[in-house]
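All figures in this text were calculated on a predicted structure; none of them were measured in a lab. These values consider heavy atoms only, across backbone and side chains, with no hydrogens, waters or symmetry-generated copies.
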Amino acid sequence: MVDQPNFGVLGPLQVRSSDRILRIAGNKPRLLLASLLLDANQMVGSDALVEVLWPRNPPSSALANLRTYVSSLRGVLGTAGAGIVAHPSGYAIEVEKEQLDISLFEDLVARARGGAEDASGLLRRALALWRGTPLNDLPASPLWDGRLRAITQARFGAAEEVVAMKLAGGEYASAIDDLRELIGEHPYREDLWQQLILALHHGGRRAEALHAYTTIRKQLIDDLGIEPGQELRDAHASVLAGDPPPPHPQDDPATALSLPAPQQLPADVPDFTGRAEAVSALTRALSAQEPDGPPSIAVVIGPPGVGKSALAVHCAHAVRAGYPAGQLHLCLGGTDTEPADPAELLAEALRALGVGEAALPPTAHERATLYRSLLAERPMLVFLDDAADAAQVRALLPGNGCAVLVTSRRRITGIPGALLLEVDSLPPAESEQLLGRIVGAERLAGEPEAALAILEACGHLPLAIRVAGARLAARPGWSLSVLQQRLADESTRLDELRAGDLEVRGSFERSYRQLPGDAATTFRALGLLGPASLPAWVAGAVLDRDCGEPVVDTLVDANLLRLVGTDPLGQPRYRLPDLLRCDAKEKAGGADERLALARVLDGWTAAAEHARSRLPTTVFSLTSEEATRWSPPRETLGRVSADPVSWFEAERETLVEAVRLAAGSGLASSAWGLAAALVPYFDLHCRFEDWQLTHSLALEGARAAGDRRGEAAMLRGLGQVCLYQDHYTEADDMLRRSRAIFRELGDTRGEAVSICGLGAVDQFSGRHLRALGYFRHALAMFLAVDDHSGEAYARQAIGRVYLSLRKVDQASHWLGEALRLAKEQGDAHRQGCVSMQLGRMHEVMAESDEAMRCQGRALDIFETLGDRHCGAYALQNLGGLQVARGDRSHGSDQLQRSLAIFQQLGDRSGEAGTFQTLGELYRSSGRTALASHYFNRAHELRRELRVT
């Protein structure tokens with residue numbers, strides 16, 4: 001069996017195996033190994049390693065050299081059983097905590113502070129691991145500073161706790177030795193000198209105690225020009241007065257009242273930025289307690305990385321003067337695998353209040369009682385950080401007079417009377433201010449656009465901004481655009497947001513691992529669905545259930561999913577914040593997520609087809625032959641039916657993104673089926689850009705998958721868009737290709753639909769006879785497949801061509817047949833379209849009254865159906881008729897109304913037609929300048945349509 005090596009960084013770098021020291025030759029391999037060990041079992045980015053090895057001017061071959069050094073280390077360590085693992089963007093060394101002194105030190109300290117019986121022994125074992133200043137045989141690196149500073153502070157804290165335990169147990173001689181060693185490292189720490197003076201005094205060494213005071217007083221005056229503080233002077237006075245030593249607090253919990261006040265608040269954040277309203281609300285709440293009243297409680301909640309603890313610590317320091325009895329700080333471990341037990345937390349609090357191990361009550365209830373009793377006599381500020389839930393917090397609430405400040409990633413609402421303060425990402429201005437404080441305002445001002453892009457990529461999340469700032473601060477030679485480019489790729493963004501012990505991904509991971517299985521599955525799947533907001537039924541599709549609300553509530557309560565409002569249909573909308581979406585997307589990609597994605601896309605398609613069927617016209621709708629496997633709940637479809645246009649408006653961005661996602665994920669049938677279902681809505685509201693985008697994406701996906709019907713359907717739709725935009729050559733090409741594929745597949749109706757498009761291209765291009773042939777051919781095909789709606793359209797189209805040819809009798813016949821069919825089918829929209837053509841026919845026949853009646857009937861139909869687009873054409877026709885009759889005032893009103901609708905919908909062709917008619921109106925009234933303006937606008941629009 002290969003011996004496991006032991007690594008040491010708490011002193012000179014050391015590697016031992018089988019009681020022998022392994023020699024690592026060369027500074028750079030040793031620097032590399034040290035960097036990996038400081039972040040053992042975590043990936044260290046290649047760029048960070050390059051920065052350590054070549055801090056100023058890395059060679060162009062740095063990455064190749066880095067691989068060489070890794071290989072060299074593996075050669076030395078491999079035989080000893082150590083593993084350096086390569087990742088896509090860095091390396092990690094895998095070690096057990098017993099193999100690495102820094103990991104073992106942290107484990108021993110954590111166990112000691114977790115309530116272990118032999119806490120003193122564990123701390124002493126931890127301190128014995130130190131062999132000197134960490135890595136003192138290697139050149140320093142700024143990238144190590146945070147980690148080394150934290151571990152050095154942890155060593156000092158552990159040493160202080162050992163001293164406190166010795167003093168509490170009356171071990172004055174040993175405590176004095178420890179204090180002298182600590183003072184050697186921190187010669188101006190007055191609290192250490194105070195403890196030394198009292199330990200000497202209580203140990204019977206009064207003269208030494210007085211000499212110690214003289215020493216520190218002279219040192220402070222000579223070196224710093226200040227007198228000792230009050231607490232140090234009080235200790236001196238106690239020695240002069242010959243005060244007896246205090247009783248051991250573990251013998252009687254009541255004596256805890258005489259101990260120094262605990263001051264446990266973590267250090268305030270020196271560059272705390274913004275949050276003025278939150279700070280004001282919290283400080284007011286924490287200052288509002290009454291001595292005999294209930295505790296004032298404030299709960300700060302928010303997603304990971306949003307700066308809850310920083311805000312809480314900042315506010316706690318702002319009000320600490322109001323709590324001279326002290327402040328307690330308990331870390332509740334809400335994001336740990338197992339949150340802290342309230343009984344152990346109570347024991348920790350009681351020890352801080354001076355209750356020794358021997359006097360600790362055995363049960364949680366008894367500990368809570370004693371805890372409340374002690375705090376009732378000395379009201380304190382109690383800071384409960386990282387709470388798991390309300391039950392954990394309730395066990396730690398004082399009875400009266402105190403203020404309690406709680407932070408949690410979960411939405412804790414079960415604490416009566418508590419102020420609930422939810423914090424989110426920083427506003428853009430405060431984000432910029434925070435980044436400027438880290439990297440320098442001048443550096444930001446030099447590249448403002450890159451700075452804003454970095455903040456956007458960070459989602460304005462304080463933790464991400466701090467990481468980005470730390471990376472820039474450690475690399476003064478970088479321009480901001482370098483980091484901007486690295487953050488631009490969502491697939492690697494979280495890799496970039498890591499600096500030392502600050503890591504965005506790790507913060508997210510602690511929340512993710514708390515999720516139950518269904519919520520974790522949903523979180524991963526939602527990461528695939530893009531940045532648009534989503535309704536709750538999507539979670540049901542992910543899990544193949546009718547109801548998705550419970551799992552959505554779980555994610556919202558965990559602050560991993562954000563409620564962003566309610567859409568016009570009354571559906572709550574949810575969205576994953578961008579960085580969390582990146583994390584979720586990283587975690588997705590398995591077979592389960594692919595099936596979940598397919599169900600979600602099925603749901604969107606089913607809902608879109610349901611909404612489409614309620615729109616005024618769906619004559620040329622094409623659908624995927626693949627049966628829909630999942631459909632949203634009836635309640636959702638009922639809302640869609642009640643107001644399909646509002647549903648389409650609410651979901652437009654999401655639906656477009658869903659087509660993109662389906663096409664990019666190889667789900668070609670879902671992509672083109674959904675794109676086709678959106679056509680009637682896009683047609684109704686002139687959403688030509690969305691129409692073209694979705695069909696282009698779906699066309700690419702269909703071709704990649706060899707889905708010929710999907711290819712034909714998307715070509716037909718793209719041809720229709722080109723037709724609307726007067727791009728007749730492109731429209732003809734796409735419609736011909738579509739027709740050929742439909743014919744190849746034997747899809748008669750699909751071919752007929754494409755032929756109708758070809759007929760429209762020829763008619764609008766002035767080739768009326770060829771258009772007539774196309775429409776007659778399509779009519780025969782519609783009759784063959786018994787498609788009455790298509791038949792009505794073809795008969796109307798034939799009538800329209802005859803009308804263009806001024807053959808009124810034939811036009812009347814064909815339009816009359818189309819109107820009869822529309823009435824038989826109950827197709828009100830087709831009746832409106834035919835009525836417009838009949839109005840034009842009567843206009844040709846100089847029957848203006850009948851023409852007005854037909855156009856008015858068409859307008860009534862379209863307004864009843866809510867089709868503003870076709871209604872605008874009816875208004876345009878009515879306005880033209882009124883102008884021709886000499887009723888310029890009413891005609892102008894109708895034309896202006898139609899113009900406003902065309903402009904709102906973006907129909908430039910309709911807008912050009914109205915400008916033309918307005919020009920004719922004003923020319924006939926002698927207002928030539930205004931007429932010229934309108935004619936010019938019509939000409940410009942038509943020219944733009946030909947160009948674009």
Side-chain angles (χ1 to χ4, degrees), residues 529-538 541 548 562-576 600-621 623 631-662 670-671 673-698 717 720-721 724 829 862-873 897-898 900-908 910-911:
L529 298 179
S533 66
L534 301 165
W537 67 257
V538 169
R562 184 178 297 161
L563 174 65
V564 294
T566 303
D567 63 28
L569 273 66
Q571 297 181 116
R573 311 289 299 186
Y574 303 91
R575 188 173 72 85
L576 282 177
V600 172
L601 293 167
D602 283 345
W604 284 125
T605 304
E609 290 178 347
H610 200 77
R612 177 186 66 185
S613 67
R614 269 69 174 177
L615 292 179
T617 177
T618 58
V619 62
F620 288 149
S621 297
T623 58
S631 180
R634 289 183 180 179
E635 179 185 358
T636 298
L637 295 180
R639 288 175 174 169
V640 171
S641 299
D643 194 350
V645 173
S646 292
W647 182 82
F648 273 120
E649 288 289 341
E651 304 292 3
R652 180 175 63 85
E653 292 183 9
T654 307
L655 292 166
V656 171
E657 188 63 31
V659 173
R660 185 194 305 275
L661 177 62
S670 297
L674 179 54
L678 300 176
V679 165
Y681 163 69
F682 290 157
D683 195 348
L684 185 64
H685 285 265
C686 300
R687 297 280 188 185
F688 297 141
E689 289 185 4
D690 287 339
W691 187 341
Q692 195 162 40
L693 173 61
T694 53
H695 276 56
S696 297
L697 290 168
Q720 187 72 24
V721 176
Y724 283 161
H829 194 271
F862 293 138
E863 287 183 340
T864 300
L865 294 174
D867 186 347
R868 297 173 66 234
H869 192 202
C870 285
Y873 279 102
R897 285 177 61 197
S898 74
I901 295 172
F902 287 137
Q903 289 175 335
Q904 289 172 8
L905 296 178
D907 183 348
R908 291 184 291 173
E911 188 181 350

Pair Tyr873-Asp907, side-chain contact (heavy atoms from CB on, under 4.5 Å): steps then yes or no: CA-CA 11 Å; Tyr873 279 102; Asp907 183 348; 2.9 Å; yes
Rounded distance [0.5 Å steps], [atom1] in [X] versus [atom2] in [Y]:
| X | Y | atom1 | atom2 | result |
| --- | --- | --- | --- | --- |
| Gln903 | Ser898 | CD | OG | 9.5 Å |
| Leu661 | Leu674 | CG | CG | 10.5 Å |
| Glu609 | Leu637 | CD | CG | 11.0 Å |
| Arg614 | Leu865 | CZ | CG | 14.5 Å |
| Ser696 | Arg660 | OG | CZ | 11.0 Å |
| Leu655 | Trp647 | CG | CH2 | 4.5 Å |

For residues [X] and [Y], determine if any side-chain heavy atom of one lies less than 4.5 Å from a side-chain heavy atom of the other.
| X | Y | answer |
| --- | --- | --- |
| Cys686 | His869 | yes |
| His610 | Thr605 | no |
| Ser631 | Asp602 | no |
| Val679 | His695 | yes |
| Pro568 | Asp643 | no |
| Arg868 | Leu684 | no |
| Pro633 | Trp537 | yes |
| Val645 | His685 | yes |

Side chain of [X], backbone of [Y]: donor and acceptor closer than 3.5 Å?
| X | Y | value |
| --- | --- | --- |
| Thr694 | Asp690 | yes |
| Ser641 | Ala611 | no |
| Arg573 | Ser533 | yes |

Lys/Arg N to Asp/Glu carboxylate O, Glu911 vs Arg908, below 4.0 Å: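 No, Glu911 and Arg908 are not salt-bridged.
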Salt bridge Glu649-Arg687, side-chain N to carboxylate O under 4.0 Å: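 Yes.
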Testing the basics here: between [X] and [Y], what is the closest heavy-atom pair and its distance to 0.1 Å?
| X | Y | result |
| --- | --- | --- |
| Pro680 | Ala677 | CD-O, 3.6 Å |
| Gln571 | Pro535 | OE1-CB, 3.9 Å |
| Ala872 | Ile901 | CB-CG2, 3.7 Å |
| Phe648 | Ala608 | CZ-O, 3.6 Å |
| Leu601 | Ala658 | CD2-O, 3.5 Å |

Tyr574/Val564 under side-chain contact (heavy atoms from CB on, under 4.5 Å): CA gap, chis, key distance, verdict: CA-CA 6 Å; Tyr574 303 91; Val564 294; 5.8 Å; no
Neighbour count above 12 (heavy atom, 6.0 Å) for Gln904 CD: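 For Gln904, atom CD is crowded (more than 12 foreign heavy atoms under 6.0 Å).
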Pair Tyr724 + Phe688: ring centers closer than 6.0 Å: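 Between Tyr724 and Phe688, the centre distance is under 6.0 Å.
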side-chain contact (heavy atoms from CB on, under 4.5 Å) evaluation trace for Trp604 with Val659: CA-CA 10 Å; Trp604 284 125; Val659 173; over 6 Å; no
Criterion salt bridge (charged side-chain N to carboxylate O under 4.0 Å, His left out) on Glu651 and Arg639, from CA distance to verdict: CA-CA 13 Å; Glu651 304 292 3; Arg639 288 175 174 169; over 6 Å; no
Worked verdict on Glu657 versus Arg652 for salt bridge (charged side-chain N to carboxylate O under 4.0 Å, His left out): CA-CA 9 Å; Glu657 188 63 31; Arg652 180 175 63 85; over 6 Å; no
